[in-house]
Peer 1: 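Structure in structure tokens, see below.
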Amino acid sequence: MSEHSQLEVKNLHVGFQKKKTFTTILNGVDFSVEKGETLCIVGESGCGKSLTSLSVMGLLPKTGKVTEGQILFDGEDLTEKSQKQMSKIRGNDISMIFQEPMTSLNPVHTVGKQIAEVVQLHEKISKKKAMEKAVDMLKLVGIPSPEQRVYSYPHELSGGMRQRVMIAMALACNPKLLIADEPTTALDVTIQAQILDLMNSLKNDFDMSIVMITHDLGVVSEVADKVLVMYAGKVVEYSDVKSLFNNPQHPYTKGLIESIPKLTEETEELPIIPGSVPNPDNMPRGCRFATRCPHAQPTCFNEVPPLIETESNHKASCWMFDQRWEEIKKEGEAYASRKETAATTEPVRN
Amino acid sequence: MEQATEANVKQKIPNPRVEMFKAMMGRFFQNKLAVLGGFFTFLLIFMAIFASVIVPHDPIEQNYSEIMMSPSADHWFGTDEIGRDIFSRVIYGAQVSLQAGLISVGIALAVGVPIGLISGYYRGFWDEFVIMRFTDAMLSFPPLVLALALAAVLGAGLENAMIAIGIVLTPNFIRLIRAEVIAHREREYVEAGKASGLRDWRIILIHILPNTLAPIMVQATLAIASAIISEASLSYLGLGTQPPDPSWGAMLADGQGYLSDAPWIALFPGIFIFITVLSINLFGDGIRDMLDPKLK
Amino acid sequence: MVSFILRRLGLMIVILFLVSIIIFSLVNVLPGDPALLVLGQEATPDQIEALRDEMGLNDPLIVQYFNWVVDVLQGDFGNSIRDNTAVTTILMQKIPVTLELTVLSFFFAILIAIPAGIISASRKGTAWDYSSTLFALSGVSVPPFFLGILFIFIFAVTLGWLPPSGYVPLTEDFGRSLLLMLMPALTIGIRLSAELTRMLRSSLLEVLQSDYIRTGYAKGLLEKSVVFGHALRNALIPVITVSGLQMATFLGGAVITETIFSVPGLGQLVVTSILTRDFPVVQGAVMFMAFAVILINFFVDILYSVLDPRIKLSGGTK
Amino acid sequence: SSSTDGNDASEGDSDNQSEDSSSSNSESKDTLVIGLDDDPPQLDPHRSSAAVDRQTFQSLYNKLIDINENLELEPELATDWNISDDGLTYTLTLQEGVTFHDGTDFNAEAVKFNFERMLDPDFASPRASEVNLIEEVNVLGDYEVEIVLSEPFAPFLSVLTDRAGMMVSPTAVEELGDDFANQPVGTGPYEFVERVAQSKIELTRYEGYWREKPAIANVEIRPFPDANVRVTNLVSGELDLLNKIAFKDIEKLKEDPSITLLEKDALGYQGIHLNTEVEPFTNKNIRQAINLAIDREAITRVVFHGGAVPAVSAFAPSSWAAPDFEQPNADVEAAKALVEESGLTDVSFTLKINPKPEEEQMAQMMQAMLSEVGITMEIEMVEFGTMLDQLSTGDFEAVRLGWSGRTDPDGNAYRFFYTDAPNNYTNYSNPEVDGLLDEARTVSVQEERKAMYDQLSEILWDDAPYIFLYHERDYKAMKNYVKGFEHVADTMVRTESVYFE
Amino acid sequence: MQAEKKPQQQQNLLEIKGLKKYFPVGGGSFFKKDNTYVKAVDDVSFYVKQGETLGIVGESGCGKSTMGRAILQLQTPTEGEVLFEGQDISKFKPKQLRELRKDIQIIFQDPFGSLNQRMTVGAMLSEIVRVHRIVPRSEELTYVQKLLKDVGLNPEHYWRYPHEFSGGQRQRVSIARALAVQPKLIICDEAVSALDVSVQAQVLNLLQKLKRKYNLTYIFISHDLSVVKHISDRVGVMYLGKLVELSDKHGIYKEPQHPYTQALFSAIPDVSVQEKKERMMLKGDVPSPLNVPSGCRFHTRCPLATEQCKQEIPEFRETKDGHKVACHLV
Ligand SMILES: Nc1ncnc2c1ncn2[C@@H]1O[C@H](COP(=O)(O)OP(=O)(O)OP(=O)(O)O)[C@@H](O)[C@H]1O
Ligand SMILES: Nc1ncnc2c1ncn2[C@@H]1O[C@H](COP(=O)(O)OP(=O)(O)OP(=O)(O)O)[C@@H](O)[C@H]1O
Ligand SMILES: [Mg+2]
Ligand SMILES: [Mg+2]
Ligand code: NI
């Protein structure tokens, strides 16, 4: 077992069929999660974080498709499994928690029944036993008086309790991997703190691997071991958490960290990343961040930068870290001067 | 200079209205059944408008030597019990049915939309205890019974049948529009409008109404379909169109007696009601898709 | 719960009160003198006047209305003008007929709609979906009388498999009663099933998009279990509400079907009574229908809260 | 409840019967199922105003006097009658040994009771207009009764052959009051069992019947307002006998080997009331033009498939009062000339008709015919209730309405054409006509009366306040195992003599 | 801008006294008068000075938005005074209110929901300009396009529909709408919460810039403490419909006094703090506003709660210069 990572995603390409055109959204995502490790995926809205997790679960929408790459779980490629085989893995070996705890629970069944359902499904035990297990799980996630709460309907619980129920459900079969897609975004800060605490302690007790998706860098700094920064369907930085915050490499990551107002510092004006994410149908051929990058050179627009290891356990996908960077810069200067003489300035777009 | 950029800008960017329209058309044309429905609907409208040009025979001309003739080259759909050309009557019948559908729904809209808008926007006693309870009461009547009673009160005739059907349809529109308005009233864009100091009528007419138009349109097309059936039903019971105007419902009622000897008398008007209502329903579905930008 | 029932009762009274006003005024502006209809062409003006007096038709409308309401509150709907039978007696004769027809129609409707709705929603965009959609739309589009006539023509006249029309009470001859009801029930049932299929399809499609369905798959459930265990019940909730609201339409839609198939139900009663100006019967029957519709919607609401635990039967306005 | 049992059995039988080819299997069948064109509203003859009621009365009640197939008077409850010379006093001898279904004896007192009931102003009987000439009813003995009229009225005896002559049980009336209509008690061959409105009326043989008891044990009467449904049910064997068929089915039923179709000229007439007080019918030329423009022959052929004969007067061919003159063919040219002569241009009017397929067809045909002579006729469908109302208030130009007919010609003419008579909707007033109608009532010699009615017919044809269109023929369709049916021109279903073979 | 918009810094532009907003629940229908209320805002008092930014923080459902709406009279307050430039606007007639809305504006959280999807941005902005007769008709277009430029959009955006904008751009349109009438006070109700961090920074900078340019006053409602800190001069903390702490931002962020504020601050996961500090964890959930705890509303979750807290409602009092707290323990 230990020769494999718990989860290894290699060169994952995912896209959607729209009428006649096929739009690729994830464009070569690579990462791996070791046993007992927490990986955080961060990035702006729409960059493909959820899509990555859904691909792992095999729950892509009907129009979506993995076109390239592998998802190795315990060494087995999940992309080759049938729905039936996947259903044996889901909820049992890999579990998932979603962002919206209200809508992710079926409103017409009691929470106990919904937890017991997973247990019964994968462990083939009696209804009564499954119900007992549900009570245990609720106790584990810290819901008071779980014996009564199993008979509650989701709407009778608060947001934080619902998210605990989701966690209880996800953990009911001792999964090896837990995927959490923005599990605390819908919650208040004080409740978020409770949930993050809970997840941290459970991770240690269960010895699971966690893939946590978020756009809140604060949360990342709280829980992550490793961080994957995504931008427009591509990995731009992949690093150890400390190294990332102390020494962000990619211009996007840098911009991202800087643009958050800090509690400890005072600034009149926040540093910003100008512009916005390009449309998936209209991506630059090269580095996708090039349109907003202060350092961008013509090459950046045309050639895809490789994922370069800049430090140990720290990779970034940017031409700046390539040996050719100086060369590229020169070329760019030459180009810019030519352009200036042509005297057409592109309107600054915000 | 300002001028120049403006002109420039106008040329450069595609007109967003056109773009939106294109997207809507795209969604509409994606629904093949809706396209088919739309095609037939327009065909029927065309038929109704140009009936006098299309028909091979006078729809009320009787020929006692050609009674209940089965379909032939001269009479495509055969002739009826007093020797009239059924094809011609069916074509003219489209006028009656489409009128019935459009006008009765028009009446329902004309009454229902303002009441629904005002009732939903202002709420309060009138809304809660008068208008809503009244629509509740109207809706607890079987609609056909209500239409029948109203038509009996007003007297037979196409106009009266349309008014009766219009009245019966009205509470549905009041309800729908009121519900929509209530939903939109709480939306932030309406609050923002209020916060910008806009008058109520402006908010209602310029902001809320266009946003509720999609469900109203959909309901209206479906209501047209059911109004056509209702008119046919009333005509079937003798309270609709007056002879000799060819109404499909009345033709069906006449033809019912000759099912075993001359089934075509009833069959063709029946098929046409069916096709018309089906086309409008399909078309309405298409419009629903068209107005729903969430659909890809 | 208690407050819910109280509130609904209150509402029901208000609605019935309004219904009574509407129907009373409607009936009273109907042209045509019931006294004249009772007495016929042979009547003399004196007689007509006398009869109008006897029937209370010469009182001011308010007084007539008041008298009628007071009687109704005492359970007395008056007597038919036409044949002097108590309206309650007539209603008691008609209700079982309509009930049988309604139940049977719903039975057929559900029998068709649930599988059709599930198939077309879970196989969206396939030929199954298209044919089910087309069926549903056709069912909605075909006028009930045309369908009825067509049935008679095909099954009774041409094939001779079924008796063309008529009615035998269930208690008298169970099998024959059902046989006679088959065509009318199918006529109504097909239309109803068409509506239900459409509603079920769209509500199921919406439910299938929802997050908890994704949760279901994430648990490792197979499609079948997800659809039946999680989606169907949620999808049925709006369908049930809407079919409750459609109840009035179906009671009314039965009017024509009953006429075509000579089923002596409430619908036919109302139509003939309107045409013969039998005011007490029209008023009584319509009041009963409205009452039934309101009552059914009341039960639908209760059912709703059973199906959907989020709905509490509280006094709140919708 | 014993009768209910009997019923169950009969239902089972009718089942079997529809399985066997529906020919003769009279042994097991003991219920005669009759299909009527409408649900009879009233089972009380003194309350009744609908024609269809009379179909059931013939089974439940006896009349004082009957008419036979040749329209001659025959004794029924009255074995003999005597008219005084001044035509005012009628003395009836009554049948002895007759009992009502509730056991009450039928006698002179009962007759007196019945007439007083009809005359009671509080009771508001539609019969009152037929018997209002009665001044007093005197009981002369147990079985002899004397009726005194205020003025001579030749048609009086024929009035007694209809609802006014039907005797109801005094005990039952006193006991039940208004509820009598729901539990009718007469002396007829069948007694009432149960009724489900608009569904069925069940009767069973009255074991104490004074004449020979009917051969069939039960009668079930079921309304089928839709003519097609009615015929389909007869063909398929659900029904044994129909009171009315759609004219378009005549040929089909004639050809059907399992069905007997009886045909008879009826007594009524059908046509159009023209309101002579409003434009354009104040103008006699226009009325005459309409009279000439309509091709009655085409109507009877196309709409009625020969089931009606063109009409020129109020008296059907079966009546002795039918005029001898030929009906002129439609004459478009003459009609055009009359319109021209009238001096009116753009002549137009609205015809109100009942919403029935046949009415519509006929109206549309007439519309076409009139448009040829330059008269525009709009058609407006009005239901019967509204129509009666509008007739009585005079809110109409022309109304398509006929009369079911009475045995005596007076019943077909007086009420419609006498000045201010109750049914004189046309507001026609002609002293000459009034004189003839009055005189015909007092004379009792048929030949003399016939001459008067002939004259009347000619005047009415010429004045044309009413456009006579056609006389319907009456059809009774029955399964051919139904025998013994006595087809009388009054169009009633007489169940007494019917038997299965 | 108008001359009157340049007054001395210290004037109270807006003052709220004892503001309450209760929502009846259960419909309070004809047949059943229900006397339970959601006390969404319960006796809140504060002031805002001309030219300053007051931040309001608090957890979801604590009544922040309701307060904002009640100030604007979009929802009539149940009780209390709202003094704007010394006038009690809660007593205004509809016509006066419409006039007032030239002076107070609001920007909502949801940049999509707060724009009418069926109107072009230009039509929407022009409408407001026209209704309030801000500029003559002939200058309308130039005025609106300038406005668009001010908020960092292109003049060409005049002809676009909301759905053709990105989230950040839409929020800019909302800001333009608020600015169109040249208001004195803008209430930003979670104006940046729906935006991605990178876009959020852009919008925050814009707000700052506009404030300086037009001498605006903001009430900035948010649940994001770092954002509030960044933009505000003073900060108020709300809990269950009540203001529990109010101070200038240095005071409150350095030395939070109310236990709730302390817990709130310690719960924020902050990027810049690398050593995990000891958290002050709160137990349980936020109580339902339908059923508020007696005494101090926070006592059910307060780690320091005493008997007194359960019984007595703490007074909102000044503890230091300009630092107000509602807690028995301070
Ligand atoms: N069913 C779908 N059909 C077509 N495109 C889709 C579909 N679902 C997602 N996308 C597209 O895929 C891209 C990535 O979506 P994804 O949900 O993975 O983003 P995300 O990073 O999770 O964003 P967020 O932070 O908002 O959750 C988006 O641009 C979205 O438009
Ligand atoms: N129209 C209303 N009717 C009834 N209750 C309401 C209404 N509006 C708000 N509330 C209730 O008032 C309380 C405060 O709501 P409010 O929207 O002001 O909270 P908030 O602090 O803005 O929360 P969030 O951060 O989630 O926006 C909530 O409990 C809410 O349910
Ligand atoms: Mg996501
Ligand atoms: Mg809020
Ligand atoms: Ni021809």
Side-chain angles (χ1 to χ4, degrees), chain B residues 32-33 37 128-130 132-134 136-155 168 175 179 222 225-226 228-230 232-233 236-239 248-249 252-253 255-256 259-260 263 266-267 269-271 273-282 285 288, chain C residues 11 14-23 26-27 29-32 130 133-134 136-138 140-147 149-150 152-153 157-158 198 245 247-256 259-260 266-267 270-271 274-275 277 282 285-286 289-294 297 317-318:
Chain B
K32 294 284 175 298
L33 286 176
E128 170 94 351
F129 291 105
V130 183
M132 273 352 276
R133 295 316 125 217
F134 196 75
D136 274 350
M138 295 278 278
L139 288 171
S140 57
F141 277 96
L144 194 64
V145 170
L146 192 59
L148 192 74
L150 283 168
V153 167
L154 296 166
V168 173
R175 286 219 132 196
L222 301 181
S226 77
I228 290 175
I229 293 192
S230 304
S233 303
Y236 178 84
L237 294 172
L239 288 167
W248 291 338
L252 203 50
Q256 194 189 346
L259 268 185
S260 43
L267 203 60
I271 289 174
I273 301 179
F274 174 64
I275 292 179
T276 309
V277 176
L278 183 63
S279 306
I280 293 176
N281 269 324
L282 288 170
D285 272 10
R288 185 201 315 250
Chain C
L11 263 184
V14 173
I15 295 172
L16 282 175
F17 171 70
L18 284 170
V19 168
S20 76
I21 290 184
I22 296 173
I23 190 61
L26 214 51
V27 157
V29 292
L30 270 178
Y130 277 116
T133 305
L134 204 63
L137 277 163
S138 310
V140 180
S141 307
V142 65
F145 48 94
F146 184 51
L147 196 61
I149 293 170
L150 224 53
I152 295 188
F153 181 57
V157 177
T158 311
R198 280 182 83 169
L245 289 174
M247 214 36 228
T249 317
F250 290 109
L251 276 178
V255 170
I256 287 192
T259 311
I260 292 172
L266 280 173
V270 175
V271 174
I274 289 176
L275 297 182
R277 303 293 182 271
V282 178
V286 169
M289 282 182 168
F291 178 70
V293 169
I294 296 170
N297 280 309
T317 14
K318 284 172 232 164

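Per chain, numbering begins at 1; letters A, B, ... match sequence-line order.
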Peer 1: Quick one: are B/T276 and B/W248 in side-chain contact, heavy atoms under 4.5 Å?
Peer 2: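 In contact.
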
Peer 1: I need the C/I274 CD1 to B/L239 CG distance, nearest 0.5 Å.
Peer 2: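 Here the interatomic distance stands at 9.0 Å.
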
Peer 1: What part of B/I228 gets closer than 4.5 Å to chain C, counting heavy atoms only: side chain, backbone, both or neither?
Peer 2: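 Neither part, no heavy atoms under 4.5 Å.
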
Peer 1: Under 4.5 Å heavy-atom distance to chain B, tell me which part of C/V271 shows up: side chain, backbone, both or neither.
Peer 2: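 Answer is both: backbone and side chain atoms of C/V271 are under 4.5 Å from chain B.
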
Peer 1: Taking side chain as everything from C-beta outward and backbone as N, CA, C, O, which of these in B/A266 sits under 4.5 Å from a heavy atom of chain C? Side chain, backbone, both or neither.
Peer 2: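 It is the backbone, since no side chain atom gets that close.
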
Peer 1: Can you tell which part of C/I21 gets under 4.5 Å to a heavy atom of chain B, answering side chain, backbone, both or neither?
Peer 2: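 Contact with chain B involves no heavy atom of C/I21 at all.
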
Peer 1: Between chain B and each of C/L16, C/V293, C/L137, count heavy-atom pairs under 4.5 Å; write down the option with the most.
Peer 2: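 Answer, by heavy-atom pair count under 4.5 Å with chain B: C/L137.
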
Peer 1: Which atoms of C/V19 come close to chain B, meaning under 4.5 Å heavy atom to heavy atom: side chain ones, backbone ones, both, or neither?
Peer 2: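 The answer is both parts of C/V19.
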
Peer 1: Below 4.5 Å from any heavy atom of chain B, which atoms of C/V270 appear? Answer side chain, backbone, both or neither.
Peer 2: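 Interface part for C/V270: side chain.
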
Peer 1: Tell me, for B/L33 versus chain C, whether the close heavy atoms (under 4.5 Å) come from the side chain, the backbone, both or neither.
Peer 2: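 Side chain only.
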
Peer 1: Is there side-chain contact between B/M138 and C/L18, with heavy atoms separated by less than 4.5 Å?
Peer 2: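 No, every pair of side-chain atoms sits at 4.5 Å or beyond.
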
Peer 1: Compare every heavy atom of B/P142 with every heavy atom of C/M289, then report the nearest pair and how far apart it is.
Peer 2: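 Distance-wise, the nearest heavy atoms are SD-CG, 3.3 Å.
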
Peer 1: Does a side-chain heavy-atom distance below 4.5 Å link C/I22 with B/F141?
Peer 2: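 A side-chain contact under 4.5 Å exists here.
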
Peer 1: Counting heavy-atom pairs under 4.5 Å with chain C, which one of B/I229, B/I273, B/L267 comes out on top?
Peer 2: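 Between B/I229, B/I273, B/L267, the count favours B/I229.
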
Peer 1: Using heavy-atom distances under 4.5 Å, tell me whether C/L26 contacts chain B through its side chain, its backbone, both, or neither.
Peer 2: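 For C/L26, the contact with chain B is made by backbone and side chain together.
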
Peer 1: Most heavy-atom pairs under 4.5 angstrom with chain C, which of B/A149, B/S233, B/P269?
Peer 2: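 Of the options given, most contacts go to B/S233.
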
Peer 1: Below 4.5 Å from any heavy atom of chain C, which atoms of B/A225 appear? Answer side chain, backbone, both or neither.
Peer 2: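 Neither part.
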
Peer 1: Can you confirm whether more than 12 heavy atoms, excluding those of C/F291, are under 6.0 Å from its CZ atom?
Peer 2: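 Not more than 12 within 6.0 Å, no.
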
Peer 1: What part of B/P263 is in contact with chain C, defined as an atom under 4.5 angstrom from a non-hydrogen atom: side chain, backbone, both or neither?
Peer 2: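 Contact with chain C is through the side chain of B/P263 alone.
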
Peer 1: Hey, what do you get for CG (B/L222) to CZ (C/R198), rounding to the nearest 0.5 Å?
Peer 2: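 If I round to the nearest 0.5 Å, the distance is 6.0 Å.
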
Peer 1: When rounded to the nearest 0.5 angstrom, what is the spacing between CD1 in C/I256 and CZ in C/F146?
Peer 2: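 Between atom CD1 of C/I256 and atom CZ of C/F146 there are 14.0 Å.
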
Peer 1: With the side chain counted from C-beta on, respond yes when B/S230 and B/V168 share a heavy-atom pair under 4.5 Å apart, and no when they do not.
Peer 2: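 Answer no - side chains too far apart.
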
Peer 1: For C/V140, which atoms come within 4.5 Å of any heavy atom of chain B: side chain, backbone, both, or neither?
Peer 2: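 It is both, since atoms from each part get that close.
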
